[in-house]
Amino acid sequence: MNMRIQLTNEPIAHQDMVENCRSKSAGAVVLFLGTVREITGNEQTLFLEYEAFAPLAEKALAEIAEQAKSKWAIEKLEIIHRLGILQPGETSIAVCVSCPHRADAFAACQQIMNKIKEVVPIWKKETSPKGVSNWIHPAN
Amino acid sequence: MNMRIQLTNEPIAHQDMVENCRSKSAGAVVLFLGTVREITGNEQTLFLEYEAFAPLAEKALAEIAEQAKSKWAIEKLEIIHRLGILQPGETSIAVCVSCPHRADAFAACQQIMNKIKEVVPIWKKETSPKGVSNWIHPAN
Amino acid sequence: MIKISVLFFAGAREIVGQNRLEMELPALTSIAELRGILMVRFPRLESLASRAAFAVNEIFALPDTLLAQNDEVAFLPAVSGG
Amino acid sequence: MIKISVLFFAGAREIVGQNRLEMELPALTSIAELRGILMVRFPRLESLASRAAFAVNEIFALPDTLLAQNDEVAFLPAVSGG
């Protein structure tokens with residue numbers, strides 16, 4: 001299978017993900033990290049809180065991974081999403097893909113991220129330095 | 001400047017590159033690793049040897065980096081190319097980019113890699129398990 | 001009548017005030033109808049409900065999916081993970 | 001006449017048998033003319049030369065770049081780094 005999907009409350013060990021994905025049959029490894037920004041637009045973020053509908057989120061991530069595997073020549077693939085409270089600078093999501101060729105690795109990693117943002121039941125709440133909290137529900 | 005360009009004979013410490021590129025103002029980090037494949041087509045590779053026209057290669061990498069910075073909102077950028085003899089599985093090149101948003105980070109990292117493959121005066125020689133060595137000069 | 005439960009997440013949970021609601025519905029109620037019932041009962045849910053997805057027993061459901069006894073429905077407002 | 005040196009890399013160095021060649025050329029020889037001269041002197045260089053780039057004093061050069069005394073030319077066969 002060579003695939004790992006995980007939701008975690010711990011910091012994401014992306015170094016391990018890269019080492020797991022390296023392979024003598026892959027010429028390309030692409031790692032994406034989504035990290036918490038201190039400022040979005042004009043708003044400052046004190047911290048974010050991520051919540052998931054965990055059983056369905058894991059299934060949705062696995063399905064996204066399977067679709068990617070059927071579309072591109074993927075050697076290894078790991079997706080880890082962090083939940084709970086994250087400080088600015090911390091990693092909320094990491095996707096690592098290895099492929100024989102780099103065009104596939106870039107395309108697969110990017111499309112996996114796009115799909116995750118679209119359909120996986122995970123939500124974030126922003127808390128400002130003034131203590132105001134808002135769940136983010138994009139209006140498209 | 002927040003930019004590092006390097007040619008090295010040592011293994012590439014890509015973990016440090018990711019840590020250097022993380023930033024509270026970047027929401028996205030993309031790391032690309034080019035790694036030595038054991039098999040290309042039907043040919044087995046015992047090892048690769050990379051050679052550069054170093055002063056011009058460094059200039060060309062810096063120019064590619066500057067072009068990327070003028071095109072995308074890049075926070076930090078590191079490019080390290082290894083030279084000398086590499087075994088299958090080892091990393092020949094690492095490019096790490098951080099940007100406020102992920103589309104920029106993917107596009108910048110991928111285009112930087114494409115440009116490097118096109119114009120930077122670095123060459124590789126493949127040696128097969130039978131001891132046959134060939135410099136690779138793509139015929140387009 | 002059938003008994004179902006509805007799970008709420010994120011902003012929807014805050015509006016409803018709980019993460020799980022037990023409901024009695026006429027048999028053969030659809031997801032689309034449940035959405036209407038919830039919007040009447042929790043008017044502030046309306047803006048989330050129009051773009052929400054639903055799952056039944058941990059599988060994504062369509063608006064015309066019919067609910068059955070003991071189903072666990074998840075009300076999934078627009079996602080913002082990643 | 002001017003004196004220049006030419007640097008060879010990778011497969012080109014193997015064909016020429018050295019990484020640096022000192023040459024005497026007529027003044028105002030262009031890069032394109034130098035390419036022709038090298039192809040005559042090293043016939044096995046031809047396939048590389050047709051797709052080679054050139055640099056003069058560590059700056060990429062065009063075919064019509066004119067060479068001057070003490071220039072250091074680099075003969076750069078098609079690259080394969082990355």
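In what follows, every chain begins at residue 1, and chains take the letters A, B, ... in the order their sequences are listed.
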query = Considering heavy atoms only, which positions within residues 28-37 of chain B lie below 4.5 Å of chain A?
reply = B:A28, B:V29, B:V30, B:L31, B:F32, B:L33, B:G34, B:T35, B:V36, B:R37
task = Spell out the residues in residues 100-109 of chain B that have some non-hydrogen atom less than 4.5 Å away from a non-hydrogen atom of chain A, in order of number; otherwise answer 'none'.
result = B:P100, B:H101, B:R102, B:A103, B:F106, B:C109
query = Between CD of B:Q15 and CD of A:E19, what distance do you get to the nearest 0.5 Å?
reply = 5.5 Å
ask   = Contact part of B:T91 toward chain A, heavy-atom cut-off under 4.5 Å: side chain, backbone, both or neither?
value = both
ask   = In this structure, are over 12 heavy atoms from other groups packed under 6.0 Å from A:K59 atom NZ?
value = yes
inquiry  = Which residues in residues 78-89 of chain A have any heavy atom closer than 4.5 Å to a heavy atom of chain B?
reply    = A:P88, A:G89
Residue A:E90 excluded, over 12 heavy atoms near CD under 6.0 Å = yes
query = Checking heavy atoms, do the side chain of A:V95, its backbone, both or neither come under 4.5 Å from chain B?
reply = neither
message = Sort by residue number and list every residue of residues 42-58 of chain B having at least one heavy atom under 4.5 Å from chain A.
response = none
ask   = Is the number of heavy atoms from other residues, nucleotides or ligands under 6.0 Å of A:K24 NZ greater than 12?
value = no
